[in-house]
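These figures come from a predicted structure and were not determined experimentally.
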Amino acid sequence: MQVIEESESRVYGADNLKNDLSELIAKYNKGKVFLLMDTGSYQHCYPKIKGMPEFNDDNVIVIEQGDQNKNIEAISKVWEFLSTHGADRKSTLINLAGGMPCDLGGFAAATFKRGINFINIPTTLLSQVDASVGGKTGINFHGFKNEIGVFKHASAVLVDVDFVESQDEENICSGYAEMIKHALIYDQEEWEVIRDFDVKNADISELKELVVKSIHIKEHFVKADPTEQNVRKSLNFGHTVGHAFESFAMKKGRPVLHGYAVAYGMIPELYLGNKVCGFPMDKIHEVIGLINSVYGKFEFEEADYDEFFYLMTHDKKNEANQINFTLLEDIGKIKINQTCSKELIFEALNFYKSV
Ligand SMILES: NC(=O)c1ccc[n+]([C@@H]2O[C@H](COP(=O)([O-])OP(=O)(O)OC[C@H]3O[C@@H](n4cnc5c(N)ncnc54)[C@H](O)[C@@H]3O)[C@@H](O)[C@H]2O)c1
Ligand SMILES: O=C(O)C(=O)C[C@@H](O)[C@H](O)[C@H](O)COP(=O)(O)O
Ligand SMILES: [Zn+2]
């Protein structure tokens, strides 16, 4: 296994999954080890490590899949399991799953007995390039995304891009959205590389290089500002509107994947970037061309705008009752802490509907 990134968490690239995981357990765990999965990663990923002597019925926890389960009931189940199966302060929780259980498991570990170590083994493209690194952990609450959580870094992250092979196209596209976001906040060259990647026929060996670059971009911002006081807000580009779309869709009982919501959200936010700081319109149309072709359109009515606005009032970047956007002046030129009037936000939603 090689070290991909050295930050608060050491990020490793896997060579031999079972051996690498055994090595990490020996290195980072000082007590009893626990393994958290959801029903999807249990089905598709557990077989790859099954038979390892470290895991048995007494230390494997499985929660239901889907973001609707990133909630207090599921985390309570994890706390209960740890509590009734002899976990102590020296225990380690291993999250073998996508971003949902990595977020929830990280938060469970951060709070159990005031904090135990955890290791992330991200099994989805989205969790490899984004959710497993950077230390944001948490759960959804009262219909708001990640409303409850803490910053707590995994002791280690083990990335094995081969896990992506069993993902369906929709989930691969979801992860690709965060790679588009990383490219847009980083530079023109990265944008062109990501834009030209054929995500619908994703080639895993090509993806390996892109994943490493995307992790480097994420870590670049995390290292500069671990608790999102300033420049880390760049990583939230697309999420002010995107999280509103995601929460809205969940409430309506027609959930959209996180990456889809972010992809849709980037379009109105690029429009705001054009209005507030001059992001070039021709480049907006280039990004729209990619996003519409991969993700299609998010359907909503003008009558829904007030609900979106209300959801945006819960964005974690907000201060002094103002909705706080991360906007772009150009690709790679970020403007954090931008506020926009309600009228302009509605205009951006109109723009999204029109393109
Ligand atoms: N903490 C962060 O910085 C951060 C960053 C981005 C997103 N997130 C969060 O991550 C979540 C989205 O992550 P996600 O897209 O990985 O979703 P997810 O964890 O829900 O996984 C998506 C689906 O894929 C299944 N799955 C997992 N691994 C698989 C595999 N190898 N093959 C086949 N199926 C597999 C899961 O069971 C699930 O049904 C959201 O909750 C989002 O808010 C967090
Ligand atoms: O790491 C970050 O910082 C991000 O904002 C990454 C986002 O892709 C991710 O969805 C994150 O969970 C959003 O955080 P939130 O603070 O807006 O809930
Ligand atoms: Zn995200």
Side-chain angles (χ1 to χ4, degrees), residues 4-5 9 11-14 17 21 35-49 62-70 74 93-107 118-140 145-146 154 156-182 194 197 199-215 217-219 235 238-239 242 246 255-263 294-295:
I4 296 178
E5 261 290 346
S9 312
V11 183
Y12 297 91
L17 185 62
L21 180 52
L35 178 67
L36 175 68
M37 291 168 283
D38 67 6
T39 43
S41 65
Y42 178 76
Q43 183 189 345
H44 295 285
C45 310
Y46 191 42
K48 292 196 171 196
I49 61 158
V62 181
I63 58 172
E64 290 298 320
Q65 66 191 333
D67 224 70
Q68 69 279 14
N69 296 302
K70 189 174 153 182
L93 181 66
I94 298 174
N95 302 314
L96 175 73
M100 188 286 266
C102 283
D103 276 12
L104 182 147
F107 184 43
F118 67 101
I119 293 173
N120 283 336
I121 308 181
T123 61
T124 62
L125 180 60
L126 188 142
S127 58
Q128 294 180 354
V129 298
D130 196 349
S132 65
V133 292
K136 276 191 178 179
T137 74
I139 55 171
N140 306 328
K145 283 287 299 176
N146 312 327
V157 180
L158 179 61
V159 178
D160 186 344
V161 182
D162 289 342
F163 278 123
V164 175
E165 275 169 358
S166 56
Q167 284 200 273
D168 56 29
E169 185 181 292
E170 205 189 353
N171 275 284
I172 294 177
C173 290
S174 184
Y176 178 62
E178 300 281 20
M179 299 169 80
I180 296 174
K181 174 197 77 180
H182 286 164
I194 294 298
F197 178 67
V199 69
K200 301 255 180 182
N201 301 290
D203 175 74
I204 299 293
S205 53
E206 208 183 322
L207 200 55
K208 284 184 181 171
E209 222 176 284
L210 301 182
V211 166
V212 171
K213 182 68 198 279
S214 208
I215 293 171
I217 295 174
K218 169 137 192 185
E219 290 282 42
L235 295 170
H239 285 65
E246 191 177 354
V256 292
L257 297 177
H258 176 72
Y260 279 63
V262 173
V294 175
Y295 303 96

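A donor-acceptor pair under 3.5 Å links the side-chain atoms of N140 to the main chain of D67, judged by distance alone. Side chain of K145 to backbone of E246: no donor-acceptor contact under 3.5 angstrom is found. Under a 3.5 Å cut-off, the side chain of K200 and the backbone N or O of E169 do not form any donor-acceptor pair. Remark: the backbone N or O of T39 is not paired with any side-chain donor or acceptor of Q65 at under 3.5 angstrom. Remark: the backbone N or O of S132 is not paired with any side-chain donor or acceptor of S127 at under 3.5 angstrom. At least one donor-acceptor pair closer than 3.5 Å links the side chain of D160 to the backbone N or O of D162.
Of all heavy-atom pairs between K208 and V161, the closest is CG-CB, 3.8 Å. Nearest heavy-atom pair across P101 and G98 is CD-O, 3.3 Å. Nearest heavy atom pair, residue V157 against residue P122, reads CG1-CD, 3.9 Å. Here the closest non-hydrogen pair linking E219 and S9 is OE2-O, 4.4 Å. Taking both residues in full, the closest heavy atoms of H182 and S214 are given as ND1-OG, 2.9 Å, listed atom of the first, atom of the second, then distance. Among all heavy-atom pairs drawn from A131 and G99, the shortest one is CB-CA, 3.6 Å.
Separation of atoms OG1 (T124) and NE2 (H44) is listed at 12.0 Å; rounding is to 0.5 Å. From C173, atom SG reaches atom CG of L126 across 12.0 Å, with rounding to the nearest 0.5 Å. For the atom pair CE of M37 and OG1 of T123, the computed distance is 10.0 Å after rounding to the nearest 0.5 Å. Taken from CD1 in I121 to CG in L36, the straight-line distance is 11.0 Å, to the nearest 0.5 Å. Distance check: I194 CD1 to I217 CD1 gives 7.0 Å after rounding to the nearest 0.5 Å.
Residues F107 and N146 have side chains not in contact (no heavy-atom distance under 4.5 Å, counting atoms from C-beta outward). Using a 4.5 Å cut-off on side-chain heavy atoms (C-beta onward), L125 and Q167 make contact. Counting heavy atoms from C-beta on, the side chains of Y46 and L35 come closer than 4.5 Å. In this structure, M100 and I63 have side chains that are in contact, with non-hydrogen atoms separated by less than 4.5 Å. The shortest side-chain heavy-atom distance between F163 and Q128 falls under the 4.5 Å cut-off. Looking only at side-chain heavy atoms (C-beta outward), I172 and V199 come within less than 4.5 Å of each other. In this structure, V129 and K218 have side chains that are not in contact, with every pair of non-hydrogen atoms separated by 4.5 Å or more. A 4.5 Å side-chain heavy-atom check between I94 and L21 finds at least one atom pair inside the cut-off.
The neighbour count for E206 CD, taken as heavy atoms of other residues, nucleotides or ligands under 6.0 Å away, is above 12. No more than 12 heavy atoms of other residues, nucleotides or ligands lie within 6.0 Å of OH in Y42, so this atom counts as exposed by the packing criterion. More than 12 non-hydrogen atoms from other residues, nucleotides or ligands lie less than 6.0 angstrom from CD of E165.
Among pairs with a residue in residues 93-102, none fulfils salt bridge (charged side-chain N to carboxylate O under 4.0 Å, His left out), at least two apart in sequence or across chains. Residue pairs meeting the salt bridge (charged side-chain N to carboxylate O under 4.0 Å, His left out) criterion with at least one partner in residues 171-182, sequence neighbours excluded, are D130-K181, E178-K181.
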For a side-chain contact (heavy atoms from CB on, under 4.5 Å) check, start with the C-alpha distance between D103 and K136, then their side-chain angles and the critical distance, and finish with the verdict.
CA-CA 7 Å; D103 276 12; K136 276 191 178 179; 5.7 Å; no
Stepwise side-chain contact (heavy atoms from CB on, under 4.5 Å) test for Y176 and L210
CA-CA 10 Å; Y176 178 62; L210 301 182; over 6 Å; no
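Aromatic ring pairs are classed by plane angle as parallel below 30°, tilted from 30° to 60° and perpendicular above 60°; the pair Y295 and Y260 is perpendicular.
With respect to E5, the side chain to side chain contact (heavy atoms under 4.5 Å, CB included) criterion is satisfied by exactly one of V159, V212, I215: I215. Applying the side chain to side chain contact (heavy atoms under 4.5 Å, CB included) test between L158 and each of L17, N120, I4 identifies L17 as the sole match.
Donor-acceptor pairing under 3.5 Å is lacking for the side chains of S174 and N171.
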